[in-house]
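All remarks here apply to the structure that follows.
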Amino acid sequence: MSVARRRGEWPPDPEPLPVPVIDDHTHLESIPHVLDDGVPDPGMTGQLDRAAAVGVEAVVQIGCDLDSARVSVAWAHEDPRVVAGVAIHPNEAVLHAGVREVAPDGLPPQPLDRHATSLDDALAVVAELARDPRVRTIGETGLDFFRAGERGRQVQRESFRAHVALAKELGLPLQIHDRDAHREVLEVLARDGAPEVTVFHCFSADAEIAAECVARGYLLSFAGPVTFASAEDVRAAARVVPAEQLLVETDAPYLTPAPHRGAPNAPYLLPLTVRRLAEVRGDDLAGLCARLHANATRVYGPW
C-alpha cells in the first residue's frame, strides 16, 4: 500500500471494458480514510455497482489487520461479488511484536491498544478466519523493508513464514506484499517452499525479478504503477509475464492510475490499468480481459 494524496472529487468513470475483469486486490474499507471532508463515499455496494458498470464484476477484498480482516470476511458473506483475503501486513506484524519502527502507511492515528494483541495471537485469529469458505487467499503478507530496522525485518520474516505455512496447510493461494525486499522474499519462498499458487500483488520489481518469478510458476498482479510515467521497470516486467500468469488489481484506495494520480482510487478505475497493460504488452484488449478473468477465477475459485 502507499499513501494517496487527497483531492476533492472522484475521477470520472472510464470507458467500459469490452469483457469483464476481476480486481485481484482492493481495500474497500480504507477508502473513507483517504477522502477529504465532503467527498462522498458510496460504501461497499455503491463502489461495487460503479465498478460493475465499467466491466469490473468482482473483487478480492483484502484485510491485512485484525479489524479489516473481520470486515472483509463479513462483506464476502454480504455480497456475492466479494471474496476475502486475510493476513497480518508485514508492518502490522512489527507493531504486534511491540517493535515501534514503522507505522502503517495511509491510515489515520489509531488507539494505542490497537496492537495490544501479540503477534502469535493475531496470527491465530487470521488462521481461524482463513477457514471461512468465503476466504480465498492468505494475504497480503510478505516483507516491507522501506522503513523497518533489523529487528522489524526479523519479525516480518517470522510472520511471513507463518503465513506461507498457513496457506499451504489450507491449500489457499498466497498474496505477497513486497516492498524493497525482492530478493529476500524470493529467498523465503525458496527455503520454505511456496504454496502451489503464489501471487505477487502490485508487482514492483524489474524484468529480471519478474522472469525469475515466472520461472518459479508465480503469478504477477499489476496495479496503477504500470500507468505511471516513472515506472518503466514495471512496464518492462509486465512484458515478460506469460498471459496465463497475469493478474490485475487496483490496491484501492491507493496507487490511483494515471491520469488521476492524487485522487482516491476505487475498483471502477481498474479499466485504466487494464488498457495500459494491453498497450504495454501489445495485447488485444478483449482477449487480455478474458484471460485476466479466467486467471482470477482459476486462482480464487467461483465468486
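Positions are given from 1 along the sequence.
Remark: the Gln175 side chain and the His201 side chain contain no N/O donor-acceptor pair separated by less than 3.5 Å. When only modelled atom types and interatomic distance are considered, Asp24 and Tyr300 share a side-chain donor-acceptor pair under 3.5 Å. With no hydrogens or angles considered, a side-chain donor-acceptor pair links Asp132 and His77 at under 3.5 Å. For the residue pair His27 and Asp251, a side-chain donor N or O sits within less than 3.5 Å of a side-chain acceptor on the partner. His260 and Glu9 are not linked by any side-chain donor-acceptor pair at a separation below 3.5 angstrom, with hydrogens and angles left out of the test. For the 3.5 Å distance criterion, the side chains of His293 and Glu57 qualify, holding a donor opposite an acceptor.
A salt bridge links Arg183 to Glu212: at least one charged side-chain nitrogen sits closer than 4.0 Å to a carboxylate oxygen. In this structure, Asp49 pairs ionically with Arg81, as a charged nitrogen and a carboxylate oxygen lie closer than 4.0 Å.
Distance check, rounded to the nearest 0.5 Å: CZ of Arg131 to CD of Glu169 gives 4.5 Å. Atom OG1 of Thr26 and atom CD of Gln47 lie 8.0 Å apart (nearest 0.5 Å). Summarising the geometry, atom CG belonging to Leu255 is positioned 8.5 Å from atom CZ belonging to Arg261; distances are rounded to the nearest 0.5 Å.
Criterion: ILVMFWY side-chain heavy atoms under 4.5 Å apart, direct or through other members. Under it, Val197 and Leu247 are part of a common hydrophobic cluster. Cluster annotation: Val248 is not connected to Val280 through the hydrophobic network of ILVMFWY side chains, with a link wherever side-chain heavy atoms come within less than 4.5 Å. Cluster annotation: Phe222 is not connected to Val299 through the hydrophobic network of ILVMFWY side chains, with a link wherever side-chain heavy atoms come within less than 4.5 Å.
Checked options Val199, Val241, Leu174, Leu189; the residue passing with Tyr218 is Leu189 (criterion: side chain to side chain contact (heavy atoms under 4.5 Å, CB included)). Tested against Gln61 for a side-chain hydrogen bond (donor to acceptor under 3.5 Å, both in side chains), the candidates Glu29, Arg136, Arg134, His25 yield a single pass: Glu29.
Between Thr227 and Thr273, some side-chain heavy-atom pair lies under the 4.5 Å cut-off. Residues Pro225 and Phe203 fail the side-chain proximity criterion, which asks for heavy atoms closer than 4.5 Å. Two residues are said to be in side-chain contact when any heavy atoms from C-beta on lie closer than 4.5 Å; Ile176 and Thr198 meet this criterion. Here the side chains of Val54 and Arg50 are not in contact, with every heavy-atom distance at 4.5 Å or above.
Relative to the six-membered ring of Phe145, Arg179 misses at least one condition, a distance below 6.0 Å or an angle of at most 45° to the axis.
Closest approach of Thr117 to His96, counting heavy atoms only: O-ND1, 2.8 Å. Residues Thr250 and Ala223 approach most closely at O-CB, 4.3 Å, considering heavy atoms. Of all the heavy atoms in Ala130 and Ile138, the pair that sits closest is CB-CD1, 3.6 Å.
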